[in-house]
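Letters go in sequence order (proteins before strands), and every chain restarts at 1. Given the structure is predicted, the values throughout are model-derived calculations rather than measurements. The analysis underlying the following values was restricted to heavy atoms, covering all of them including side chains, and did not include hydrogens, waters or symmetry mates.
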Protein chains: 2
Amino acid sequence: MAKHDALSAPVSDSSAHDHSKIPQPTIERLSTYLQCARGLQTDGIAMASSSEIAARTGINAAQLRKDLSYFGEFGTPGLGYDVDALSTHLTRIMGLDKTHDVLLVGAGNLGTALASYMGWVQRGFRIVAVFDTDPAKIGGSLANCKIASLDEIAKVNAQCKALMGVVAVPRESAQDVVDKLVASGVKSILNFAPTGILVRPGITVRNVDLTSQLEVLSYYLHTQ
Amino acid sequence: MAKHDALSAPVSDSSAHDHSKIPQPTIERLSTYLQCARGLQTDGIAMASSSEIAARTGINAAQLRKDLSYFGEFGTPGLGYDVDALSTHLTRIMGLDKTHDVLLVGAGNLGTALASYMGWVQRGFRIVAVFDTDPAKIGGSLANCKIASLDEIAKVNAQCKALMGVVAVPRESAQDVVDKLVASGVKSILNFAPTGILVRPGITVRNVDLTSQLEVLSYYLHTQ
DNA sequence: GTCTGTGAACGAATTCACAGCT
DNA sequence: AGCTGTGAATTCGTTCACAGAC
């Protein structure tokens, strides 16, 4: 696993900024900043300095400023950042200004939980198809989708054209599922199976291994 | 998430090695090595060189050797690593040679999925109590536990003495839940709520923000 | 010859500190 | 005065490359 937890991404876009050497940690923090900006909006705060955001997120103020500077100049010296503008910019930078269609593979406990996870819908991710191997599940329904057989991924996605996939199947079938997703045109995969996944360059995989998370906690527990 | 994905943890133990300056990325990789060692055992492979493990995990061979070197000398020059011994050592290093009791807070979709997630049981994590706020759920049953009210965390854990907690509640209540867990004696927390959590030094929190994962994938999608 | 363990070299990411703008 | 944006300094982590073990 581990592999390329998030990988490759030869970047290049039409903006004036050079996205090719943005640290990965920066990208992972953008999401936090966006969350923070939304919280500030909710609280009715219109302007916030880097140190106010730092206090809310736990991320160093200089770090925030440098992170944002990779993408442009969003702040006003002497005043700070306009919260609405920051939110808008981060949304656009992360490509969240349009809904993303997602294929979900695995309709077990985890798949079911993910399907009913409202956080995704609220943030613009929409599950458009669900797949499973279990004949008892196929034909059933989840997330307003009919559950289809794994073998139908290609056929279904020929119409859906989803670019994202979520893998919530047992370890043994994970690589196979990922291969099928990639063959169907999926470019980004969130993998919950506790196993390393191999994909060709240009495909991004992020692994979320729940057991591994507890194991890391176990390490810290017993070393202190 | 982002935040301090795993934080604090002033390390120090009684072994001959100095655990105080082990890189966090190293600790996160230990889990991968253990998984790999178990896979090798399953495949009946008794010895493996660092480059064989590298090929299986996608982690650089030199990295593996250095990571392991923080904890001792487990390999045999000219031969590689004894898979059984490696597995045993990693298990002990990570504190996985005994079962860990876990409190689960939140019996919604995610909490239910986590409760029935067999990976944890297999790896020695046992849910010993479940809590929720919903009166309709309290008194019900999950993971062989009666679901209790949030307010009973302290009372229940006075007996359970669990050191680990899993937070699967909405954003709004997450900090409150964490505070209650910490007050009850919990030292390590796995947080699924999409919000930054503040804890006092000595308490370890790992954040798993599912939405944030998809947002990072979104970024890579639209920048390539 | 093969492979480990590790100091040294390198590269990446964070933090500092300040010039310049409001 | 207050704050941003950013080069420079620093810290941190990875990779190299080789001495020494088998």
Engineer: Rounding to a whole Å, what distance do you find between A:Tyr70:OH and D:dG5:P?
Structural biologist: 14 Å

Engineer: Distance under 4.0 Å to a non-hydrogen atom of chain A counts as contact; along DNA chain C, which nucleotides mark the start and end?
Structural biologist: C:dA13 to C:dT22

Engineer: Need to verify one output field. Residue with the more 5' nearest nucleotide on DNA chain C, A:Ala62 or B:Arg65?
Structural biologist: B:Arg65

Engineer: Could you check how far CG of A:Leu86 sits from C1' of D:dC3, rounded to whole Å?
Structural biologist: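 Nearest whole value for this atom pair: 15 Å.
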
Engineer: Is the backbone of A:Ser49 close enough, under 3.5 Å, to the side chain of A:Glu52 for a donor and an acceptor to pair up by distance?
Structural biologist: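 It does hold such a pair.
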
Engineer: Does a side-chain N or O of A:Tyr81 approach OP1 or OP2 of D:dG5 to a distance below 4.0 Å, or not?
Structural biologist: yes

Engineer: Mind calculating the distance between NE2 (A:His89) and C1' (D:dG5) to the nearest angstrom?
Structural biologist: 16 Å

Engineer: Return the set of residues passing salt bridge (charged side-chain N to carboxylate O under 4.0 Å, His left out) with B:Asp82 (not counting sequence neighbours), or none when no residue passes.
Structural biologist: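 B:Asp82: no salt bridge (charged side-chain N to carboxylate O under 4.0 Å, His left out) contacts found.
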
Engineer: Calculate the interatomic distance between B:Asp67 atom CG and D:dG13 atom C1'; express it in whole Å.
Structural biologist: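 In whole Å, D:dG13 C1' lies 10 Å from B:Asp67 CG.
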
Engineer: Is the phosphate of D:dT4 approached by A:Ser50 (side-chain N or O, under 4.0 Å from OP1 or OP2)?
Structural biologist: yes

Engineer: Please check if the side chain of A:His222 supplies one atom and the backbone of A:Leu217 the other of a donor-acceptor pair under 3.5 Å.
Structural biologist: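 No, A:His222 side chain to A:Leu217 backbone: no donor-acceptor pair under 3.5 Å.
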
Engineer: Rounded to whole Å, please give me the gap between CD in A:Glu52 and P in D:dC3.
Structural biologist: 8 Å

Engineer: Looking only at side-chain N and O atoms, does A:Asp97 offer a donor or acceptor that is under 3.5 Å from a partner on A:Thr91?
Structural biologist: no

Engineer: Rounded off to whole Å, could you give me the NZ-to-P distance for the B:Lys66 and D:dC12 pair?
Structural biologist: 15 Å

Engineer: Take the protein atom NZ of B:Lys21 and the nucleotide atom P of D:dG13, then report the distance between them rounded to whole Å.
Structural biologist: 12 Å

Engineer: Output yes when a side-chain donor or acceptor of B:Thr42 lies under 3.5 Å from a complementary backbone atom of B:Arg38, and no otherwise.
Structural biologist: yes

Engineer: Find the distance between CZ (A:Arg65) and OG (A:Ser51) and round it off to the nearest 0.5 Å.
Structural biologist: 8.0 Å

Engineer: Would you confirm whether A:Ser218, through its side chain, and B:Met94, through its main-chain N or O, come within 3.5 Å as a donor-acceptor pair?
Structural biologist: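 Yes: the side chain of A:Ser218 pairs with the backbone of B:Met94.
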
Engineer: Name the residue closer to the 5' end of DNA chain D, choosing between A:Ala48 and B:Leu79 according to the nucleotide with the nearest heavy atom.
Structural biologist: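 Final value for this comparison: A:Ala48.
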
Engineer: Separation of B:Met47 atom CE from D:dA21 atom P, in whole Å?
Structural biologist: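 After rounding, the gap between these two atoms is 18 Å.
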
